[in-house]
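Reviewing the structure listed below.
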Protein chains: 2
Amino acid sequence: MLTHAAEDYLKSIYKLQEKVGKVSTGILAEYLNVKPASATGMIKKLKTMQLVKHERYQGVTLTDAGKAIALEIIRHHRLLELYLFKALGVPWDGVHEEAEKLEHVISEDVEARMDEFLGYPTADPHGAPIPDKNGVVIKRMSIPMTDLCSGQSCVVAEVSDTDSALLRHLGSFNLYPGTAFRVIEVAPFEGPFTIDIAGQQVVIGREVAKHIFVDDVKE
Amino acid sequence: MLTHAAEDYLKSIYKLQEKVGKVSTGILAEYLNVKPASATGMIKKLKTMQLVKHERYQGVTLTDAGKAIALEIIRHHRLLELYLFKALGVPWDGVHEEAEKLEHVISEDVEARMDEFLGYPTADPHGAPIPDKNGVVIKRMSIPMTDLCSGQSCVVAEVSDTDSALLRHLGSFNLYPGTAFRVIEVAPFEGPFTIDIAGQQVVIGREVAKHIFVDDVKE
DNA sequence: AAATTAATTTAGGCATACCTAAATTATATA
DNA sequence: TATATAATTTAGGTATGCCTAAATTAATTT
């Protein structure tokens, strides 16, 4: 079996691969809050296990085996988040941290039971897709909120899950995945967004908007 | 914060203290499936943290601080067992192993939510008492089934939780905590027990009976 | 009491996974 | 192209927690 650290590396490589494309040692180390030298060491270990491909100074890529494990961990994480949220009422700004610890120790059996309880869901409380048992991920075609213009309507698809304070902030406006809103005004010079959520007028700063992804954009 | 290993040592010392009284290095090592030398090492570490008292060759005792941590871990374990059993339908012969991993990573917040969901229970699926938030344990006055004589009636109070095969065996007779039965016959020369459970006649071997503790004994 | 046996502790090693500091390699600039 | 800068890797060190083997201490037997 893999160590927790190895699982975290695989998960992080997968996520960075999605976001940035090429995954360098430095980017990976920064993401995991370790030094580049530590990342190099783990990459070497994962390479001997045939879970990653790596050429010196050229970054890492997951092998099929590595990707399968990464998706399994991500599935654990997101199912746990949703379970904690729905079954135990843990606030959505707390589920990430909790799931981060549980994802490495939960059994496939318990996971299957949570999955059944939740009705085989496809997204976690932040809107991120939950890979199925075979590692198949259904990708949504969402765009960053910062791409919206005045007058456009849309639905929140996903928000980033790591910043607890941000999530509390969004929660105070009811800005959850599935929530519809309309852009009233985009302030010039990279300014904030004024939006309408269920009749309420709310101002969302640009830095915050970067962490919100939307769907179903209409004029 | 303590390591998982340190938590396991404290928990084991507590349990052995209950069962055997004096806890020697050798007993502790055997219980934890490590070598005596390893136990000595951890005992030293726990001593510097003032969680145990230890005189060379004289065995270990928990300090109040150590006992508090031991009871906290035991509370985690038993609440998790009951939660997995009741909320997710994990069979009672599987909850111990699962809880063994989760007990070290579950937060106080999630634990409190499980506790509420379960209605502040006082016993786990095997009948073991769940310490409350302040580490108070309500002890039951149960006796081993092997002390019973022909004709006596009783109620199952507790069964040992570590042997999964034993639990499946007991489950097949509906021999859960709370189940009442009457001893029909005790075979001589340390032989098996024949009992009546809800009209069904069942034979329980002496080795199995040693792991069953009963309450409410009547003639 | 002496000798044997058993329990415990010390000493020295291994693996994991992190660190810092130095060396190396690649890339960008002059 | 030579040099400066940035990224990466190597080398060597720390802490945890396990191991084996040897030394010590305690308990039992003769």
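So you know, we letter chains A, B, ... as the sequences are listed, proteins then strands, and number each from 1.
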[X] has an atom [atom1]; how far is it from atom [atom2] of [N], in whole Å?
{"X": "B/H4", "N": "C/dT16", "atom1": "NE2", "atom2": "C1'", "answer": "15 Å"}
{"X": "B/I43", "N": "C/dA7", "atom1": "CD1", "atom2": "C1'", "answer": "12 Å"}
{"X": "B/L28", "N": "D/dC18", "atom1": "CG", "atom2": "P", "answer": "10 Å"}
{"X": "B/Q58", "N": "D/dA27", "atom1": "CD", "atom2": "P", "answer": "7 Å"}
{"X": "B/E55", "N": "C/dT9", "atom1": "CD", "atom2": "P", "answer": "11 Å"}
{"X": "B/K35", "N": "C/dC14", "atom1": "NZ", "atom2": "C1'", "answer": "16 Å"}
{"X": "B/K22", "N": "C/dA7", "atom1": "NZ", "atom2": "P", "answer": "12 Å"}
{"X": "A/I27", "N": "D/dT9", "atom1": "CD1", "atom2": "P", "answer": "14 Å"}

Report yes or no: does B/R113 contribute a side-chain atom to a donor-acceptor pair with the main-chain N or O of A/G89 at less than 3.5 Å? yes
Side chain of B/T146, backbone of B/A209: donor and acceptor closer than 3.5 Å? no
Residue [X] excluded, over 12 heavy atoms near [atom1] under 6.0 Å:
{"X": "A/E108", "atom1": "CD", "result": "yes"}
{"X": "B/K101", "atom1": "NZ", "result": "yes"}
{"X": "B/E18", "atom1": "CD", "result": "yes"}
{"X": "A/K35", "atom1": "NZ", "result": "no"}

What does the list of N/O pairs under 3.5 Å between the protein and nucleotides 10-16 of chain D look like, with a distance for each?
unit_1	atom_1	unit_2	atom_2	d
D/dT10	OP2	A/K44	NZ	2.7

Could you tell me whether the side chains of B/Q58 and B/H54 share a donor-acceptor contact shorter than 3.5 Å? no
Helical bend (five base pairs per end, nearest 10°) for the helix from C/dA1-D/dT30 to C/dA30-D/dT1: 10°
Report the residues that fulfil side-chain hydrogen bond (donor to acceptor under 3.5 Å, both in side chains) with A/Q50, sequence neighbours left out, ordered by chain and then residue number. none
Hey, does the side chain of B/H54 come within less than 4.0 Å of C/dT9's phosphate (OP1/OP2), counting only N and O? yes
State whether the distance check finds a donor on one side and an acceptor on the other, under 3.5 Å, for side chain A/Y57 versus base C/dT24. yes
Is the shortest side-chain N to carboxylate O distance from A/E207 to A/K210 below 4.0 Å? yes
